[in-house]
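One structure is given here, and the rest of the page talks about it.
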Amino acid sequence: MGKKSRRNNRQTGGEKNDAASATASTTATASAIAIASATAANTASSGTNQCHHGSTADKFHPNHEYMKDAKEFVCMRHQVNLLNNQDSSKDQQEKAIQMKYFDDHRHLIEDLEFCQFIFAFCTKQYLESNNLKVRHQRQLIQALLFLGLTCRYNTASQEFDKYVRDIGTDRGIIKVLVRETATHCDCMNEGKGIAKKMDKVGKCHGCKKEFPKKTLSFCNGCQYMKYHNRECQTNHWHIHKIDCKKLGSEAKV
Ligand SMILES: [Zn+2]
Ligand SMILES: [Zn+2]
Ligand SMILES: [Zn+2]
């Protein structure tokens, strides 16, 4: 159902993805997935009756294809995060690296079970993360949710853009997990309550810090980028001017 046409747009989905790339130090992220798969293996072999949030235990095994592909994605994001932020060709490079992953994993991107596995894996991580306070788990979840959203939604849709923006904040991450597991189990119910109490926050594209959403203002040119003050906007302009126009016209489509 419209899935074919989605795919054509899928590869360009990464360009607005500051949410998944923004959070810094990813050395932790790369090693986190190794830890995560080890944990999952223990859980799988110990046979405890645990919810798999719409997926199945075998997929959490470190040798399972899904687990390996998730790991490759995290490594790819790690590579992207190592790119120099000040380099004006960063976006191009990021796009190329990301496109290669999606080209190599086309079969999985179209696999609904893989998609659910990603959300299930993230849910499992969330439930062990002390409400996202464990930093490496938060980074891992944030990176993988981008993959999950890419699999599940038309990357050219407004929906997709909104959800990708959501995963830039704690509240948004929880919201995505709640939505994507709701038809399978109620493991995210407690998180749902926690998220409701959180302030609606958004990220300043200049300093990358979080602020109450209502205090952020949009760039006049594109109505996409948000800044917490004038200074942040001015300082970010030398990077943003390259894609301001493009983001603006995309938003209107
Ligand atoms: Zn569950
Ligand atoms: Zn700022
Ligand atoms: Zn702009």
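Each ligand, and each atom within it, is numbered from 1 in the order the structure gives. Atom set for the values below is all heavy atoms of this structure, side chains included, hydrogens, waters and symmetry mates excluded.
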Inset, instruction - Report the angle formed at the Zn ion (ligand 3) by atom SG of Cys219 and atom SG of Cys244, rounding to the nearest 10°. - result: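 Between SG of Cys219 and SG of Cys244, at the Zn ion (ligand 3), the angle is about 110°.
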Inset, instruction - Kindly report the NE2-the Zn ion (ligand 3)-SG angle for His240 and Cys222 respectively, rounded to 10°. - result: 100°
Inset, instruction - To the nearest 10 degrees, could you say what angle the Zn ion (ligand 1) makes with SG of Cys185 and SG of Cys187? - result: 110°
Legend entry - Glu210 and Arg171 ion-paired at < 4.0 Å: no
Legend entry - salt_bridge(Asp170, Arg138) N-O dist < 4.0 Å: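 Yes.
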Legend entry - His228, N/O/S atom nearest the Zn ion (ligand 2):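 It is ND1 of His228.
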Legend entry - Which N, O or S atom of His53 lies nearest to the Zn ion (ligand 1), by name: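 Of all N, O or S atoms in His53, the Zn ion (ligand 1) lies closest to ND1.
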Legend entry - Rounded distance (nearest 0.5 Å) linking atom NZ of Lys245 with atom SG of Cys222: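 Rounded to the nearest 0.5 Å, the NZ-SG separation comes out at 13.0 Å.
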Inset, instruction - Starting at CG of Asp103, measure out to CD of Gln98 and round the result to the nearest 0.5 Å. - result: 11.5 Å
Inset, instruction - Search all heavy atoms of Glu128 against all heavy atoms of Val134 and return the closest pair with its distance. - result: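 Closest heavy-atom pair between Glu128 and Val134: O-CG2, 4.4 Å.
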Legend entry - Angle in degrees, rounded to 10°, that SG of Cys207 and SG of Cys232 form at the Zn ion (ligand 2):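 Approximately 110° at the metal, rounded to tens of degrees.
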Legend entry - Under 2.8 Å: N/O/S of His205 next to the Zn ion (ligand 2):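 Here the distance criterion (N, O or S atom, under 2.8 Å) is not met by His205, so no.
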Legend entry - pair Lys226-Cys219: side-chain heavy atoms closer than 4.5 Å: no
